[in-house]
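So that we are looking at the same thing, I have put the structure below in structure tokens.
Everything numeric here is computed off the predicted structure, so don't read it as measured data. Below, each value reflects all heavy atoms present in this structure, side chains not excepted, and no hydrogens, waters or symmetry copies. Both ligands and their constituent atoms are indexed starting at 1 by order of listing.
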Amino acid sequence: MPEILPSVCPHDCPSTCALRVEKLDARTIGKVSGAEHPYTAGAVCAKVARYAERVHHPARLAYPQRRVGGKGEGRFERIGWDDALDLTAERLRAAMARHGAESVWPFFYAGTMGLVQRDGIERLRHVMGWSRQHSTFCSAIADAGWLAGTGAKHGVDAREIHEADLVVVWGGNPVHTQVNLMHHITLARRTRGTRLVVIDPYRTPTAAKADLHLMPRPGTDAALACAVIHVLLAENLADRDYLARFTDFSPAIEAHFAARSPQWAEAISGVPAGQIREFARLYGRTPRAYLRLGYGFTRSRNGAVSMHAASCLPAVSGAWQHPGGGALYSQGGIYGLDRTLIQGLDRLDRGVRALDQSRIGAVLCGDAEALAGGPPVSAMLIQNTNPALVAPDSLAVRRGLMREDLFLCVHEQFMTETARYADVLLPATTFLEHDDLYQAGGHTFLQVARPVIEPYAECWPNHAVLAGLAERLGADHPGFALDTPALIDATLAASGRPDAATIHAAGGLDCALDFRAAHFLDGFGHADGRFRFAPDWAALGPRGADMPPLPDHWAVTDPTDREHPFRLVTAPARHFLNSSFTETASAQRHQRRPTAFVHPDDCAALGIADGAALRIGNRRASLSLHVQAFAGVQRGVVIVESLWPAAAFPEGHGINALTSAEPAAPNGGAVFHDTAVWLRAA
Ligand SMILES: Nc1nc2c(c(=O)[nH]1)N[C@H]1C(S)=C(S)[C@@H](COP(=O)(O)OP(=O)(O)OC[C@H]3O[C@@H](n4cnc5c(=O)[nH]c(N)nc54)[C@H](O)[C@@H]3O)O[C@H]1N2
Ligand SMILES: Nc1nc2c(c(=O)[nH]1)N[C@H]1C(S)=C(S)[C@@H](COP(=O)(O)OP(=O)(O)OC[C@H]3O[C@@H](n4cnc5c(=O)[nH]c(N)nc54)[C@H](O)[C@@H]3O)O[C@H]1N2
Ligand code: SF4
Ligand SMILES: [Mo]
């Protein structure tokens, strides 16, 4: 019998699954499955069930390397760890000597969600005074939109789905992106007859399972939400007492919604007025209505307005008061961890410039505004992200990475699009080979994971690389002197939580808020305790001033015109996780080839046969892929499930060559699902 060890999935996914890993020997795993944990409930996605394929992949980076070919060519020679870290430290010091500390820009994202391995790079940054990162790839827009109304980043426990009579999945596709949520919804439907409504511009596998699927044009969700509220108010389905006690509702706000009818919303969203009314009545007549708000509908220039508008629904109906009623976007705000030691917050200087990670192309290409008027970025250290593929306006990113005067150190598990541009390339462990501490967005558990197997070849964890550089750079901070388990224990102690061994032995620590707090029954997160229909957008970011004062359709999305008649949505593919897993043969087999879902009538109008070659493009770039005639989408909308590697396209660049790096309001954020394009037969 192989040994079975516990672990935690580190990937960038709200589920943060509690895992059971079959250990075959000191260096080898077998199957991965879901642990008996209240949220994971024994289920994991197919990608991670097959993790042996990724962790034991022959293309794993095995040892440090130094570039010998031209930038981006991908030719390297093997070197030792000492040489690699010496060389990196020397080049970082040289950049600082030439242009100052702000010319070094450490860059990271959530390839691992472990707090030590993901966020430790912040400690080195702050101690050295290097440029800060404004993290905007994923949640900046959604966070602002959610906080605008509720004022606090938490919501109703997903376990309450079992007490709900209606679940609304708005702008999320859990069958692809968060399989455990689907598991709980399916159980509730079976045991309680819970109904499911999905709001998504295409018939995703989640939408295909729904009792009702509303299929708006991308970027029109606020109009839809306003019309739903219009019906609730007009048909006596609003909870007037709740509105008066818990919100800033007023006659002026009522008049605003009275002018936003289902017919008005139909003209904007393409969702039939009758369907909007049907949904509003179902929602308004179901006290136990659970709204699960995804990220997808916020990846637009008006995404924060859409998120806020949708979050107004339970404030109008009063669903927050009932078991199984209310909303969840993320539980990210409940953990209350003291991150000082991990992130070196005691050394944070807010006077140091912060550069927007989604504008990495403009930053590296020397755009003065993107550089906040400061020096050029001339050295980078990248961990846990693949910006050459995943950042918007990716051709600009690649132009920037080609700069001969830029020093780039990439710490990675695989030879990604970004790794190919490295001057120094370092091999990273996976979560199965290092310790970490995890919190979750989709559930409420803090979890600790220990290594299951020994590090592969010469791979190092992120923490070790940072400590090695800190030593060479003379960066002094207690966090570098501790090993990862000690860093976790010190963080837990500073946060008033039990130690790592206790949490590990218990299979996690439930940090759920009690019913009243989770349902905001003691008030919302704002000073006056009220939900806000009229947000203070300006307080949420520098681009808040021009935003609509009340929920409304805000027509700032990439406009279609005669040359660009289609709206492109680049929704996540089931078998890829951002740019991860694209290296595995099984994922490639399942996803087949880059495909555009296009309405059959649009295919006919364009003279493109189902399965034919297709080109998609705009002013930034064009790409070749294949078409699939697909009736589950409005005319004028095209879906390309992502993120295929650049090499999957004959042009050698990925889908983000088409997306814009224009920052969303109010606080920045990438607008991945907001792109006007043309389609042509290839
Ligand atoms: N298999 C897989 N799982 C993943 C990921 C992955 O790439 N692959 N990525 C992970 C990450 S980093 C994240 S942040 C989460 C994201 O997971 P989700 O919260 O599910 O968000 P998205 O996947 O961006 O988009 C979800 C849905 O939103 C829809 N959508 C796009 N535009 C609009 C719109 O204007 N209105 C409405 N109503 N819907 C819209 C898309 O069509 C898509 O079906 O998933 C995580 N899980
Ligand atoms: N067109 C389009 N673009 C998108 C999106 C979309 O929906 N459409 N989604 C966006 C979203 S929501 C996100 S979050 C971003 C995410 O995009 P990325 O930040 O690139 O995220 P991942 O692909 O999850 O992980 C990046 C890398 O982290 C590495 N990694 C994992 N663990 C470790 C570790 O412990 N140490 C080190 N050194 N490396 C590690 C992996 O090998 C992987 O190559 O993509 C965004 N880009
Ligand atoms: S569903 Fe998400 S958290 Fe769970 S195993 Fe898959 S990627 Fe990891
Ligand atoms: Mo994300």
**Q.** Salt bridge flag under 4.0 Å for residues R299 and D674
**A.**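 Looking at R299 and D674, the cut-off is not met.
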Q) Counting from 1, what ligand 2 atoms have a heavy atom of N386 closer than 4.0 Å? A)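 What qualifies from ligand 2 is 20 (O).
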Q: Could you tell me which atoms of ligand 2, counted from 1 in the order shown, lie closer than 4.0 angstrom to a heavy atom of A428?
A: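 The atoms of ligand 2 under 4.0 Å from a heavy atom of A428 are 36 (N), 37 (C), 38 (N).
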Q. Does an N or O anywhere in T659 fall below 3.5 Å from an N or O of ligand 2?
A.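 By distance alone, the answer is no.
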Q: Pull out every atom of ligand 2 sitting under 4.0 Å from any heavy atom of H434, numbered as shown with elements.
A: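 Close to H434: 35 (O).
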Q: Could you tell me whether the side chains of H673 and Y295 share a donor-acceptor contact shorter than 3.5 Å?
A: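 No pair is found: no donor N or O on one side chain lies under 3.5 Å from an acceptor on the other.
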Q) Any chance NZ of K209 has more than 12 other-residue heavy atoms, nucleotides or ligands included, within less than 6.0 Å? A)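 No.
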**Q.** N/O separation below 3.5 Å, H411 to ligand 2
**A.**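 In this structure, H411 places an N or O atom under 3.5 Å from an N or O of ligand 2.
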(Q) The criterion is side chain to side chain contact (heavy atoms under 4.5 Å, CB included); which residues satisfy it with R589, sequence neighbours excluded? (A)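 Expected list: A585, S586.
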Q | Close-contact set for ligand 2 against I655 heavy atoms, below 4.0 Å | A |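 Heavy-atom distances to I655 below 4.0 Å select 1 (N).
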Q.
Taking 4.0 Å as the limit for heavy-atom contacts, which would you say applies to T416 with ligand 2: side chain only, backbone only, both, or neither?
A.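 The part of T416 near ligand 2 is the side chain, not the backbone.
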Q. From S580 OG over to K47 NZ, what is the distance, rounded to the nearest 0.5 angstrom?
A.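 Separation between the atoms: 10.0 Å.
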Q: Could you go through the salt bridge (Lys or Arg N to Asp or Glu O under 4.0 Å) check for E641 and R593 one step at a time?
A: CA-CA 10 Å; E641 292 185 343; R593 63 186 181 189; over 6 Å; no
Q: Report yes or no: does T429 have a heavy atom closer than 4.0 Å to ligand 2?
A: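 In this structure, T429 qualifies as a contact of ligand 2 - some heavy atom is under 4.0 Å.
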**Q.** Donor on one side chain, acceptor on other, T557 and N302, under 3.5 Å
**A.**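 Short answer, no.
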Q: Indicate, as side chain, backbone, both or neither, the part of N656 found under 4.0 angstrom from ligand 2 when only non-hydrogen atoms are considered.
A: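 Answer for N656: side chain.
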Q. Can you name the residues that come within less than 4.0 Å of ligand 1, going by heavy atoms only?
A.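 Around ligand 1, where the cutoff is 4.0 Å for heavy atoms, the contacting residues are D12, K47, C138, W170, G171, G172, N173, H176, T177, I199, D200, P201, Y202, T204, P218, G219, D221, G294, Y295, G296, F297, R299, V569, A571, P572, A573, R574, F576, L577, N578, H673.
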Q) Does a donor on one side chain and an acceptor on the other come within less than 3.5 Å for R301 and S660? A)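 Looking only at side-chain atoms, S660 and R301 do form a donor-acceptor pair, the distance falling under 3.5 Å.
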Q) So is E412 close enough to ligand 2, meaning a heavy atom under 4.0 angstrom away? A)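 Distance cut 4.0 Å: E412 passes for ligand 2.
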Q.
Going by the rule side chain to side chain donor-acceptor pair (under 3.5 Å), which residues pair with Q275 if we only count those two or more places apart in sequence or in a different chain?
A.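 None.
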Q | Under the side chain to side chain donor-acceptor pair (under 3.5 Å) test, residues paired with D12 that sit two or more places apart | A |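 Listed in chain order: nothing, the list is empty.
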Q. Between atom CG of N173 and atom CZ of R574, what is the distance when rounded to the nearest 0.5 Å?
A.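 It comes to 9.0 Å.
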Q. Taking the non-hydrogen atoms of R54, is any one of them nearer than 4.0 angstrom to ligand 2?
A.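 Contact check R54 vs ligand 2: positive.
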